[in-house]
There are 2 protein chains.
Amino acid sequence: MSTRRATIADVAREAGVSPSTASVVFSGKTPVSDATRKRVLAAAAALGYTGPDPRAASLRLGRSGIVGVVFEEHLGTAFLDPVKTLMMDGLADAVAPMGAGLLLLRDRDSWSREGAAPSLTTAPLDAAVLIGCSGLLRESLDTVRARGIPVVVVEGDAGEGIPRIELDNREAQRQAASHLRMLGHTRVATVTLAPRSGWARGWLTSDDEGDITIEVTRDRLAGVRDVYPDAPAFAAAGSFIDEGLAAGRQVFADAATRPTAVVAQSDLLAAGVIRAAEEAGLRIPEDVSVTGFDGIVVDGLAPYELTTLVQPATEKGRAAGAAVAAMLRGEPAASIRFTCEFHEGNTTGPAPDELGR
Amino acid sequence: MSTRRATIADVAREAGVSPSTASVVFSGKTPVSDATRKRVLAAAAALGYTGPDPRAASLRLGRSGIVGVVFEEHLGTAFLDPVKTLMMDGLADAVAPMGAGLLLLRDRDSWSREGAAPSLTTAPLDAAVLIGCSGLLRESLDTVRARGIPVVVVEGDAGEGIPRIELDNREAQRQAASHLRMLGHTRVATVTLAPRSGWARGWLTSDDEGDITIEVTRDRLAGVRDVYPDAPAFAAAGSFIDEGLAAGRQVFADAATRPTAVVAQSDLLAAGVIRAAEEAGLRIPEDVSVTGFDGIVVDGLAPYELTTLVQPATEKGRAAGAAVAAMLRGEPAASIRFTCEFHEGNTTGPAPDELGR
DNA sequence: TTGTAGGCGTTATCAC
DNA sequence: GTGATAACGCCTACAA
């Protein structure tokens, strides 16, 4: 029962070899004779030594095997978003081969409690991935850059020389709109994500539209505007079925101006819009067509299969991880722009005959 | 443009003070005269020094400010579970004051790739939290204990001397069953979570019931059995609305033996069961009562409000964090058993009159 | 194949 | 209030 944990020096002494030899046994960097290896391992076992102290190793090696993932929201909120979840999965996959793990970091913390920041400044990070760099994360970015840590930004406006992982949001959303136009729809509405943080559900005025700080929202809306410049836009407070439902109720409220198609900026919103349509006695897609965005599996939406833009969420994560890995190797990492794939489900159809209304 | 990052020694030299003084300026552990502080800070700014290197600090201090969270599943899967998500939130909250962050760790890794494990053995952890210790995590536990790292187990069978955070699953589920009995229900079915990993959706035979390795499933089922020893049990493959829907279809398949109430082991399953009931033309709660478990907000379930057992998910996370914090301070941490709160919504009602069927 | 020596960047201790 | 000193535990040239 020793009072202090054994170190590699202890093991070496116990095994009757030098510390460097013992070290080599664990790192495997240099060949070691079988006999000595055995002795070292035995000594380690005897002393309850379980391997090099990661803290010491990371100081010596200059890297910790930890990649920080910075969210701007509460973690619980972030993981409510299936796309982010998938991305994390891809990211975890991609950094695993380099022997790295993911450290969850919240952005706000740095503000709230001054002294006890678990954060970007004090964590032993090799690299950082910022999720959704919408202004809020700006200073996180500065912090990280000041520390000289490689950064990759996913879905956000980074700045000069910082690799970004992005999506062709505008082009993709334009495809959905074009699809609807091809089907003959002329009265179209769109349900968007929040235009800025803290937004409370409501119609977007043109003033609002000029002041959209969240990039995804802006770009996807622009895609709709490319095809339907005057489509009314209702902005939800977040990507949830219930938000889509509430939005849908507004959108379908007036039978006279009721749209024949709704472009939603996320699958969850689309699911809610569909519910609202059903509620209003409208059939999908006979009376109303609805498109989503993301291409996730919406639990409980069956039998509908959304017409949507499938984004490579997991791939985005993997790409972010790959970029990080490259930068860590000292290679330059390029920004990547992913393309969404249009998927036609059973929630869109020809515009209903106007006369038959 | 120096080739190497500045160290605190560089800053000290530049400021004309000793390294220890410079260190103190950053740590704030000892009073420093305003003049020297200013000089040191200025020097730091001039050299682009952003604070002590966390790696070195953690070696010196003997702690890294990192708490590992070990899941047995793929991360993407884990975060699909709203309860786990909330727990993570609570955990993040609880460790933040100690200036710690959460490192995501997957259990399987240690097996899959031998060399490149980002894992328990190589990560600079101060402590670890194991989520759902259902046998699979057993060796993770051993690894961590061997390293002498404090461990807390959430929802799982740990072993001697390891603090656990658990729920009164059986008692809580019994409350739901009792509630139904009080309402006069006699033909009751239950829809359970997976009895073991890799389970494919299906009815539970009594053989199966004797061989349930996942504790939550076993305990909640036992709670139902306390009241309805013979209720048929259908086990889903996971906690999803679609699984509940599939289960519900089976449960309501035969009009003759159709239950008047269904006890689901999760809110998501309950939501699916409700869908299945609607599909079968049954009204909730007039024809069929349904109870859930968890007390989460099921997105898109409105206007229903589940009768369910509300578990303090976030609190569980906080408690785990608190336990970790205590152990890190060298204090003993006790296991905690949380209690669910019965919440009566509008999905349960009196048993339908048998004659009226 | 094994051993020696030096330092990675900090910070706690103790003297001044 | 400030400075010298000594670890923290490991890894890796380099020499033997």
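Predicted, not measured: the structure shown is a model, and the values here were computed from it. In what follows, chains are A, B, ... by sequence order, proteins preceding strands, each numbered from 1.
Taking 4.0 angstrom as the limit, B:Thr36 places a side-chain polar atom (N or O) nearer than this to OP1 or OP2 of D:dT2. At least one side-chain nitrogen or oxygen of A:Ser18 sits closer than 4.0 Å to the OP1 or OP2 atom of C:dG3. Not one side-chain nitrogen or oxygen of A:Thr30 sits closer than 4.0 Å to the OP1 or OP2 atom of C:dT1. In terms of phosphate contacts, B:Thr21 brings a side-chain nitrogen or oxygen within less than 4.0 Å of OP1 or OP2 of D:dG3.
A donor-acceptor pair is defined here as one N or O able to donate and one able to accept, closer than 3.5 Å; no such pair exists between the side chain of A:Arg5 and the backbone of A:Tyr49. Checked by atom type and distance alone, the side chain of B:Ser58 never pairs as donor or acceptor with a backbone atom of B:Ser64 at under 3.5 Å.
Rounded to a whole Å, the CZ atom of A:Arg63 is 15 Å from the P atom of C:dG9. In this structure, A:Leu61 atom CG and D:dA13 atom C1' are separated by 14 Å, rounded to whole Å. In this structure, CZ of B:Arg55 is placed 17 Å from P of D:dC10, rounded to the nearest angstrom. Note: CZ (B:Arg5) to P (C:dC8) measures 16 Å, nearest angstrom. If you take CG of B:Asp34 and C1' of D:dT2, they are 15 Å apart, rounded to a whole angstrom. If you take CZ of B:Arg13 and P of C:dG9, they are 12 Å apart, rounded to a whole angstrom. Summarising the geometry, the separation between CG on A:Leu59 and P on D:dA7 is reported as 17 Å, rounded to the nearest angstrom. Across the protein-nucleic acid pair, B:Ile8 atom CD1 and C:dC8 atom C1' stand 15 Å apart, rounded to whole Å.
The side-chain contact (heavy atoms from CB on, under 4.5 Å) check on B:Leu47 picks up B:Ala6, B:Asp10, B:Val11, B:Glu14, with sequence neighbours excluded.
In the interface, the side chain of B:Ser33 is not paired with the base of D:dG1 through any donor and acceptor atom under 3.5 Å apart. Applying the 3.5 Å distance criterion, the base of D:dT5 shares no donor-acceptor pair with the side chain of B:Ser20.
Taking a cutoff of 4.0 Å between a charged side-chain nitrogen and a carboxylate oxygen, B:Arg63 and B:Asp126 do not qualify as a salt bridge. In this structure, A:Asp34 pairs ionically with A:Arg37, as a charged nitrogen and a carboxylate oxygen lie closer than 4.0 Å.
Where B:Arg60 and B:Pro31 each meet DNA chain D at their nearest nucleotide, the meeting point lying more 5' is that of B:Pro31. In terms of position along DNA chain D, the nucleotide closest to B:Val32 lies nearer the 5' end than the nucleotide closest to the other residue of the pair A:Pro54 and B:Val32.
When distances are taken from the side chain of A:Val17 to each of C:dG3, C:dT10, D:dC10, the shortest belongs to C:dG3.
Residue A:Tyr49 is classed as a sugar-phosphate contact, given heavy-atom separations below 4.0 Å to backbone atoms only.
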